[in-house]
Amino acid sequence: MSSSAEDVIILGSGPAGLTAALYTARANLRPLVIEGNETGGQLVLTTLVENYPGYPDGLMGPELISRMRQQAERFGARFLKGDATAADLSGSPFTMMVDNEVRQTRALIVATGASANLLGLESERKLLGHGVSTCATCDGFFFRDQQVAVVGGGDSAVEEALFLTKFATKVTLIHRRDKLRASKIMQERTFANSKIEVLWNRRVVEILDPSQGKVTGVTTRSDGSSSLETLACDGVFVAIGHSPNTKLFSGQLEMDERGYIVTNHGTMTSVPGVFAAGDVQDHVYKQAVTAAGSGCMAALDAERYLENL
Ligand code: NAP
């Protein structure tokens with residue numbers, strides 16, 4: 001076993017990775033956290049978090065992440081910016097490339113989270129960053145006094161829609177069904193907001209207008225109908241869920257049909273010594289608090305694994 005290998009490397013710096021860092025740091029394992037290029041994960045893209053226990057008045061997503069990071073750092077967690085670009089889990093210690101440097105570790109905690117899905121339209125790809133966005137918190141400000149559309153019907157979509165009412169004159173939520181998937185309280189807020197209109201049973205088939213290099217509207221169609229409708233707007237926010245960031249481990253860790261890492265007995269993956277926590281292995285709960293909880297579990301599992309080596 002290489003003497004320069006770390007005890008534990010944690011991939012990802014969302015609530016799962018940072019909680020794993022806190023616990024492994026307190027176990028004197030001096031964890032090395034590979035933060036990724038999107039430090040903090042999805043929480044840094046959100047606004048007010050009202051359902052994280054212990055904060056009765058809520059707190060901003062980036063602040064929650066910053067507090068978790070400070071707490072892990074206080075006990076000796078180390079942080080490295082950048083993404084792991086290759087991984088070899090075929091033997092111990094595990095090897096990975098981070099910024100062209102080889103890193104080795106006896107235990108690995110994968111907490112790489114999930115990233116926003118896109119509709120898959122050519123026009124969407126062309127206009128991404130030019131009126132099409134997956135993050136209202138990041139880009140909402142650019143749409144002051146303009147009209148925007150939000151695509152999706154889950155908590156993310158209604159949260160984005162509500163947030164965008166601070167800037168836009170009108171927000172149209174375009175959903176493919178006749179019922180929202182979002183939590184009841186978020187639905188109530190959506191329906192009570194006079195700036196939000198919901199367009200039910202419609203799918204976006206085109207975003208206009210790539211030839212102008214900006215968004216001028218969206219074309220929608222309802223299932224089973226060929227008639228198209230165009231809605232004029234200046235921006236489109238796509239909020240249709242997420243996919244796990246697991247490409248790095250394809251063929252090396254067991255995954256389900258959607259690419260989520262399969263875990264057993266807590267956070268164990270199909271490779272002994274590799275543990276997975278947070279959204280990368282959870283497509284059911286997907287909450288900051290459940291991610292943090294599984295980060296804690298992964299740290300305890302990794303600690304036990306290292307003790308038994
Ligand atoms: P989600 O709950 O999976 O919802 C995705 C939405 O996008 C669904 O309404 C889905 O429609 C729609 N959709 C999926 N693919 C589509 C496509 N190709 N075209 C059109 N529409 C499509 O994802 P999410 O909203 O990102 O939320 C993820 C998790 O985070 C959830 O557990 C949520 O509770 C949580 N979250 C919580 C908060 C909060 O509590 N404040 C905020 C954000 C997220 P269907 O409904 O027809 O499937």
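By convention here, the first residue in the shown sequence is residue 1. As the structure lists them, so they are numbered: ligands from 1, and atoms in each ligand from 1. Values reported hereafter were calculated over all heavy atoms of this structure, with side chains retained and with hydrogens, waters and symmetry mates removed.
- At the top of the distance list for atom 47 (O) of ligand 1, counting protein heavy atoms only, stands Arg177 NE, 2.7 Å.
- Shown in contact with Gln287 at under 4.0 Å from a heavy atom are these atoms of ligand 1, numbered in order with element: 32 (O), 33 (C), 34 (O), 35 (C).
- Taken from NZ in Lys166 to CZ in Arg144, the straight-line distance is 11.0 Å, to the nearest 0.5 Å.
- Under 4.0 angstrom from ligand 1, there are no non-hydrogen atoms of Arg203.
- Any N or O atom pair closer than 3.5 Å counts here, and Gly154 shares at least one such pair with ligand 1.
- Here the CD atom belonging to Gln281 is positioned 10.5 Å from the OH atom belonging to Tyr260, to the nearest 0.5 angstrom.
- Of the candidates Ser156, Ala288, Gly58, Gly120, it is Ser156 that places a heavy atom closest to atom 25 (O) of ligand 1.
- For atom 23 (O) of ligand 1, the nearest non-hydrogen atom of the protein is Gly241 CA, 3.6 Å.
- Under the ring pair (Phe, Tyr, Trp, His ring centres under 6.0 Å) criterion, His130 pairs with no residue, sequence neighbours left out.
- Here is the list of ligand 1 atoms found below 4.0 Å of a heavy atom in Tyr285: 32 (O).
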> For Asp139 and Ser133, what are the C-alpha separation, side-chain angles and deciding distance, and is it a side-chain hydrogen bond (donor to acceptor under 3.5 Å, both in side chains)?
Replying inline: CA-CA 7 Å; Asp139 301 324; Ser133 168; 2.6 Å; yes

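- Looking at Gly153 next to ligand 1, an N or O pair under 3.5 Å apart turns up.
- Below 4.0 Å from some heavy atom of Glu159 lie the following atoms of ligand 1, by number and element: 41 (N), 42 (C).
- For atom 38 (C) of ligand 1, the nearest non-hydrogen atom of the protein is Asp155 CB, 3.6 Å.
- Of the candidates Val49, Val158, Ile240, Ile240 brings a heavy atom nearest to atom 13 (N) of ligand 1.
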>> For a side-chain hydrogen bond (donor to acceptor under 3.5 Å, both in side chains) check, start with the C-alpha distance between Lys81 and Thr39, then their side-chain angles and the critical distance, and finish with the verdict.
In response: CA-CA 8 Å; Lys81 276 241 182 309; Thr39 304; 3.3 Å; yes

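- Residue, atom and distance of the protein heavy atom nearest to atom 11 (O) of ligand 1 are Arg176 NE, 3.2 Å.
- When each of His242, Gln287, Gln42 is checked for a side-chain contact (heavy atoms from CB on, under 4.5 Å) with Asp279, only Gln42 meets the rule.
- Residue Asn51 touches ligand 1 through its side chain alone, judged by heavy-atom distances below 4.0 Å.
- Only the side chain of Leu119 comes within contact range of ligand 1, with a heavy atom under 4.0 Å; no backbone atom does.
- With Phe79 as the aromatic partner, Arg69 meets the cation-pi criteria of under 6.0 angstrom to the ring centre and within 45 degrees of the ring axis.
- With respect to Glu6 and Arg78, a salt bridge is recorded, a charged nitrogen being found less than 4.0 Å from a carboxylate O.
- Put simply, the residue from Leu248, Ile109, Val280 that forms a side-chain contact (heavy atoms from CB on, under 4.5 Å) with Leu11 is Leu248.
- The environment of Arg30 atom CZ is sparse: at most 12 non-hydrogen atoms of other residues, nucleotides or ligands sit within 6.0 angstrom.
- Looking at Arg181 against ligand 1, only its side chain comes within 4.0 Å, counting heavy atoms.
- Phe75 carries Arg26 over the face of its six-membered ring, with the cationic atom under 6.0 Å from the centre and within 45° of the normal.
- Within the 4.0 Å heavy-atom criterion, neither part of Lys179 lies near ligand 1.
- By the 4.5 Å heavy-atom criterion applied to side chains, Leu228 and Thr220 are not counted as neighbours.
- At least one heavy atom of His175 sits under 4.0 Å from some atom of ligand 1.
- Of the protein's non-hydrogen atoms, the one nearest atom 30 (O) of ligand 1 is Lys286 O, 3.6 Å.
- Residue contact check: His242 has heavy atoms under 4.0 Å from atoms 26 (O) of ligand 1.
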